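Please read the structure below before turning to the comments.
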Amino acid sequence: MPEQTDQPLGRAFFDRHVAEVAPDLLGRVLVCTLPEGTVTLRLTEVEAYNGRDDPGSHAYRGRTPRNEVMFGPPGHVYVYFTYGMHFCMNLVTGREGHSSAVLLRAGEVLDGVDLARQRRTTARKDHELAQGPARLTMAIGVDRAFNGADACGDGIPFRVLAGTPPDPALIRTGPRTGVSGAGATTSWRFWIDGDPSVSPYRAHVPKRKPSGASGNAATHAGS
DNA sequence: AACCGGATCGTCT
DNA sequence: GACGATCCGGTTG
């Protein structure tokens with residue numbers, strides 16, 4: 001019988017509720033083909049962001065130029081720039097207009113390890129190549145230029161294969177990383193238990209508020 | 001292993 | 001003008 005694991009996922013896969021799609025993406029294989037070569041990645045950690053109902057979502061406050069892709073059809077790639085230097089990548093889910101997406105947080109590089117290492121020179125071990133959302137985009141060569149790309153098209157530059165979903169007993173859920181407030185209560189982070197490429201859990205870091213806002217240091221960083 | 005701060009800029013108020 | 005869906009290197013234990 002034909003190998004099911006190499007079958008690309010169709011658009012219908014992504015046209016479901018984000019909380020259903022996100023855990024179902026674990027173990028799937030993202031293929032990124034660029035002129036330099038191809039890197040394939042087995043997804044091991046994801047987070048769901050539920051559109052307008054979700055205080056943690058970029059779409060929470062409605063449509064803006066940045067989050068426009070989230071409001072588009074499912075199966076497309078939403079890339080955003082953060083912390084002045086990093087890119088993160090999502091797969092849009094649900095019907096057009098619903099603005100939900102799954103953040104790809106970590107994966108295991110299956111193929112193209114040499115190319116991934118060239119892009120991630122600080123990685124010591126292979127499991128660190130895509131351990132974290134910004135590391136993941138670095139490893140596969142994704143930046144702003146890929147915002148809006150179709151992951152259910154001809155496979156250039158993206159394709160998502162069925163892969164081998166993990167034993168359901170190994171799927172763990174927990175609160176999302178870096179999301180505070182009402183959105184932190186929902187367990188919309190999903191990962192494969194025990195996989196070495198899953199980014200270490202960091203407890204919510206309470207950002208220290210400047211109490212007494214007098215004489216704050218210079219905002220112009222001179223040196 | 002855990003904690004801390006710097007880097008660096010687009011996006012929205 | 002403030003603050004990130006973060007990463008990295010240095011320091012401390």
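Residue numbering restarts at 1 for every chain, and letters A, B, ... go by the order of the sequence lines. Treat the numbers as computed from the prediction; the structure is a model and nothing was measured.
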Are A:His86 and A:Phe81 an aromatic pair by the rule of ring centers under 6.0 Å?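 Ring centroids of A:His86 and A:Phe81 are no less than 6.0 Å from each other.
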Hey, would you say the A:Phe146 and A:Phe158 ring centroids sit under 6.0 Å apart?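 Ring centroids of A:Phe146 and A:Phe158 are less than 6.0 Å from each other.
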Using Watson-Crick pairs (N1 to N3, plus N6-O4 or O6-N4) and G-U wobble pairs, both distances under 3.5 Å, which stems of at least 3 pairs involve DNA chain C? B:1-7 with C:6-12, B:9-12 with C:1-4
Any side-chain N or O of [X] below 4.0 angstrom from OP1/OP2 of [N]?
| X | N | value |
| --- | --- | --- |
| A:Arg105 | C:dT6 | yes |
| A:Arg124 | C:dC8 | no |
| A:Thr82 | C:dG4 | no |
| A:His86 | B:dT8 | no |
| A:Arg120 | C:dC7 | no |
| A:Thr122 | C:dC8 | yes |

Please report, rounded to the nearest Å, how far the [atom2] atom of [N] is from the [atom1] atom of [X].
| X | N | atom1 | atom2 | result |
| --- | --- | --- | --- | --- |
| A:Leu103 | C:dG4 | CG | C1' | 13 Å |
| A:Glu68 | B:dT11 | CD | C1' | 15 Å |
| A:Glu128 | C:dC8 | CD | C1' | 12 Å |
| A:Tyr80 | C:dC3 | OH | C1' | 13 Å |
| A:Phe87 | C:dC7 | CZ | P | 14 Å |
| A:Glu45 | C:dT6 | CD | P | 10 Å |
| A:Tyr78 | B:dT11 | OH | P | 9 Å |
| A:Asp143 | B:dG10 | CG | C1' | 15 Å |

Is_stacked (A:Tyr49, C:dA5) at 5.5 Å, 30 deg: yes
Quick one about A:Thr122 and A:Arg120 (side-chain donor to acceptor, distance below 3.5 Å, no hydrogens or angles considered), yes or no? yes
Going by distance alone, is a donor N or O of one side chain under 3.5 Å from an acceptor N or O of the other, for A:Thr38 and A:Thr33? yes
Does A:Arg176 come within less than 4.0 Å of A:Glu47, counting only side-chain N to carboxylate O? no
Salt bridge A:Arg16-A:Glu20, side-chain N to carboxylate O under 4.0 Å: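 The answer is yes: the pair qualifies as a salt bridge.
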Check: B:dA7 base within 3.5 Å donor-acceptor of A:Tyr83 side chain: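 There is none.
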Nearest to side-chain heavy atoms of [X], which nucleotide of [options]:
| X | options | value |
| --- | --- | --- |
| A:Asn90 | C:dA5, B:dC12, B:dG10 | C:dA5 |
| A:Ala134 | C:dA5, C:dC7, B:dA7 | C:dC7 |
| A:Arg135 | B:dG10, C:dC7, B:dT11 | C:dC7 |

Would you please classify the geometry between the A:Tyr80 ring and the A:His58 ring as parallel, tilted or perpendicular, with 30° and 60° separating the classes?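 Answer is perpendicular, since the angle exceeds 60°.
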Under the salt bridge (charged side-chain N to carboxylate O under 4.0 Å, His left out) criterion, do A:Asp150 and A:Arg11 qualify, and how do the steps go? CA-CA 10 Å; A:Asp150 190 359; A:Arg11 202 170 306 282; 2.8 Å; yes
